[in-house]
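Please read these numbers as outputs of a predicted model, since none were measured by experiment. Just so you know, these numbers use all the heavy atoms, side chains as well, and skip hydrogens, waters and symmetry mates. Counting convention: from 1, in listed order, for ligands and their atoms alike.
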Amino acid sequence: MRKTGGARELHFPECSAGGPVAGLHLPVRPVSAQWPDYNSRCAPRAGTQFPRVPRAGPAAVAPASAVPGLSGLSAAPLAASSSGRLGGCAGSAAMDSPEVTFTLAYLVFAVCFVFTPTEFHSAGLTVQNLLSGWLGSEDAAFVPYHLRRTAATLLCHSLLPLGYYVGMCFAASEKRLYSPSQAPEAWRLFLLLAVTLPTIACTLIYYWSRDRWARHPLARTLALYALPQSGWRAVASSVNTEFRRIDKFATGAPGARVIVTDTWVMKVTTYRVHVAQQQDVHLTVTESQQHELSPDSNLPVQLLTIRVAGASPAVQAFDIRLNSTEYGELCEKLRAPIRSAANVVIRQSLGDLFLETFASMVEENPVYSVPSSQELEACIGCMQTRASVKLVKTCQEVAESECQRCYCRPMWCLTCMGKWFASRQDQQRPDTWLASRVPCPTCRARFCILDVCAVR
Ligand SMILES: [Zn+2]
Ligand SMILES: [Zn+2]
Ligand SMILES: [Zn+2]
């Protein structure tokens, strides 16, 4: 692996040999002070022999480890464990193999059904998917969907012990579980529990659904934001409308999704939906966790825990978790600033860090003044701001294969050009980014960072 400084020396001096541009290099130094930090952190993955780390969080870890067992439901792992137990107490007729097999299989199924790992999601074995006909569409009606989904989830999960009992009636027929009066005492107690749970769930759901769901916790939370003359349904329809917009911020695993719309901060969990109005809450980063490697990319990740606390005590506080690389996007969506606990340092994503560096380097380049007849158009990358950069070959590179002339008019904003520049790089070698050349997004002429000029 080449060192950061080395990589830059290879290219930059050529680009700037002599001429006034030479002085422009000084700002590079603080940058190189930042990159090696990443570099050293990235160093171990050069070998790429690192095992993939399972996604963080106990909820996700448990099912992930349980899944291999599931995939071999009838095969190796379970057979091995049951025969192992059989061998341990040889001759014991009580340790009947279908009984043990069923118990293990049901346990794995139940855990996966409740915590829904990715495999269960892709197989469609989730409450949302199984009852999708009744639940309706989340996009069409967010609040009614989650009123029904939370109720259905609660009921389905409360039925799991009863399902086990019914299954055991067949798996262990000699216990005569089908007639509870003849079943062993312990099983009778279990049956009582298995019947009580869905009964409680049904009662609760019945209570929630009275008065057209007005007593559901979500409806009650929304009612806190209702104007005196209108009910919670008016608030619900505003939430529905905002959820439908494509510019909402949404992230997180299915069991703990975070959604931020123009007015609302929401967290969707298995049994609950937390809602708080943006203008009414304080957000504080309370904790950060470092993970050396994420399963999706090979870059180190930082997970942030943000406390969302309502200004009024009636609104229950809740925690949201997200990757620090999404932090910038979240801040953009929020109107109020996020406070940070004193000991938490938020690490920017590699992309954000690069964009900052890119902008500061472009600032040092000569300015391009547009002819007065020419009007600047909106950036064709984001359509949000005016085009603000033009590629002008200002570096001293002469070789034909290196920097070329670009005749395109200004079409891109600085951020989009920076994102383009970063996107064309080797994601595993951030140390080479600043010194490399990429093609113009429009005409494909190659340019280096010294050729990006701000437009005045
Ligand atoms: Zn743009
Ligand atoms: Zn061009
Ligand atoms: Zn150049």
Report for the Zn ion (ligand 1), protein N, O or S closer than 2.8 Å, by chain and number, lists C379 SG, C382 SG, C413 SG, C416 SG
Tell me whether Q374 at atom CD has more than 12 heavy atoms from other residues, nucleotides or ligands lying less than 6.0 Å away. yes
Using 30° and 60° as the class limits, which term best fits the ring planes of F113 and F109: parallel, tilted or perpendicular? parallel
Is there an N/O/S atom in D451 that lies less than 2.8 Å from the Zn ion (ligand 3)? yes
Start with the C-alpha gap between I320 and H274, add the side-chain angles, then the distance that decides, and say whether side-chain contact (heavy atoms from CB on, under 4.5 Å) holds. CA-CA 10 Å; I320 56 177; H274 299 268; over 6 Å; no
When you measure from the side chain of S238 to the backbone of A234, do you find a donor-acceptor pair of N or O atoms at a distance under 3.5 Å? no
salt_bridge(D262, K333) N-O dist < 4.0 Å: yes
Distance-minimising heavy-atom pair for C408 and C440: SG-SG, 3.8 Å
Sub-3.5 Å donor-acceptor pair from the side chain of T305 to the main-chain atoms of T286, do we have one? no
Kindly confirm or rule out a cation-pi arrangement of K390 over Y368, judged by NZ or CZ under 6.0 Å from the six-membered ring centre and within 45° of its axis? yes
I'd like to know whether OH of Y206 has more than 12 heavy-atom contacts from other residues, nucleotides or ligands below 6.0 angstrom. no
Examine W264 together with Y225 and report whether their ring centres are nearer than 6.0 Å. yes
In degrees, rounded to 10 degrees, what angle do C395 atom SG and C448 atom SG make at the Zn ion (ligand 3)? 120°
Tally of protein N, O or S atoms, where distance to the Zn ion (ligand 2) is under 2.8 Å: 4
